[in-house]
Amino acid sequence: MLPDLVWWASDGKEHGSSEAGDNPAECLPIRVFDWGRPLDRAEPFIASLGSDPAAVRWDLDAWPEVPEAGLDAISQKYAYLTLTVNSRDLYQHEPSPDHTVHVHARDRNGDQLARVHWLAAQVEGRFTGRVELAPV
């Protein structure tokens, strides 16, 4: 599904990696760092996970200005989304039967909570009420 995928065992490369030619199924859980896959690969990849947890991150060019919501544009550095599959948290420590979208935006003065609500409304979703600080 994802040819030439670069991966390594979560316990470290010495426990298995694509670089060593190891079989990823024998090294689970694994970590993947990959760039530039076509968007149409995301859904089949997520479906292939079954009930296993994973996270997929999309870096954006920027958060756009949304005048009707009172939102200014935000630079690329602070504009990305993470989809956690079968997990509530970014690091897959909190299992869940569904998925969670994490919105990453610089929030110096609490002014980006409106962006989260606006984004959720665009996909008929809801904000869960959890605001977390995470390293970039």
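Every value quoted in this text rests on a predicted model; they were computed, and no experiment measured them. Throughout, residue positions are numbered sequentially from 1 according to the sequence presented.
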What closest approach, in Å, do [X] and [Y] show between heavy atoms, and which atom pair accounts for it?
{"X": "Ala55", "Y": "Thr82", "value": "CB-CG2, 4.1 Å"}
{"X": "His99", "Y": "Asn86", "value": "ND1-N, 3.1 Å"}
{"X": "Trp63", "Y": "His104", "value": "NE1-O, 2.9 Å"}
{"X": "Gly16", "Y": "Asp22", "value": "CA-OD2, 3.1 Å"}
{"X": "Ser48", "Y": "Phe45", "value": "OG-O, 2.6 Å"}
{"X": "Ala42", "Y": "Trp58", "value": "CB-CZ2, 3.9 Å"}

Are a donor atom and an acceptor atom from the side chains of Ser87 and Asp89 found within less than 3.5 Å of each other?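 Side chains of Ser87 and Asp89: pair found under 3.5 Å.
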Under the side chain to side chain contact (heavy atoms under 4.5 Å, CB included) criterion, do Glu94 and Thr84 qualify, and how do the steps go? CA-CA 10 Å; Glu94 197 176 327; Thr84 54; over 6 Å; no
Donor-acceptor under 3.5 Å (Arg88 side chain, Asp98 main chain):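 Looks like no, no N/O pair under 3.5 Å.
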Flag, side chain of Gln92 to backbone of Leu90, donor-acceptor distance under 3.5 Å: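 Side chain of Gln92 to backbone of Leu90: a pair is present.
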Do Thr100 and Leu83 make a side-chain contact, defined as non-hydrogen atoms from C-beta onward lying under 4.5 Å apart?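 No; the side chains remain at least 4.5 Å from each other.
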Straight-line distance of Trp8 CH2 to Ser18 OG, nearest 0.5 Å: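 Separation between the atoms: 8.5 Å.
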So how far is it from Asp11 CG to Arg31 CZ, rounded to the nearest 0.5 Å?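 Taking CG in Asp11 and CZ in Arg31, the distance rounds to 9.5 Å.
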List for me each residue that meets side chain to side chain contact (heavy atoms under 4.5 Å, CB included) alongside Glu68, sequence neighbours excluded, and say none if there are none.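 Counting only residues at least two positions away or on another chain, Glu68 forms a side chain to side chain contact (heavy atoms under 4.5 Å, CB included) with Val66, Trp118.
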Can you confirm whether Glu19 is buried at CD, in the sense that more than 12 heavy atoms of other residues, nucleotides or ligands lie under 6.0 Å from that atom?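 Incorrect, the count does not exceed 12.
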Side chain to side chain contact (heavy atoms under 4.5 Å, CB included) assessment of Leu119 paired with Phe127: CA-CA 9 Å; Leu119 282 166; Phe127 173 56; over 6 Å; no
Does the side chain to side chain contact (heavy atoms under 4.5 Å, CB included) test come out yes or no for Leu28 and Asp52, once each step is laid out? CA-CA 10 Å; Leu28 296 173; Asp52 292 327; 5.6 Å; no
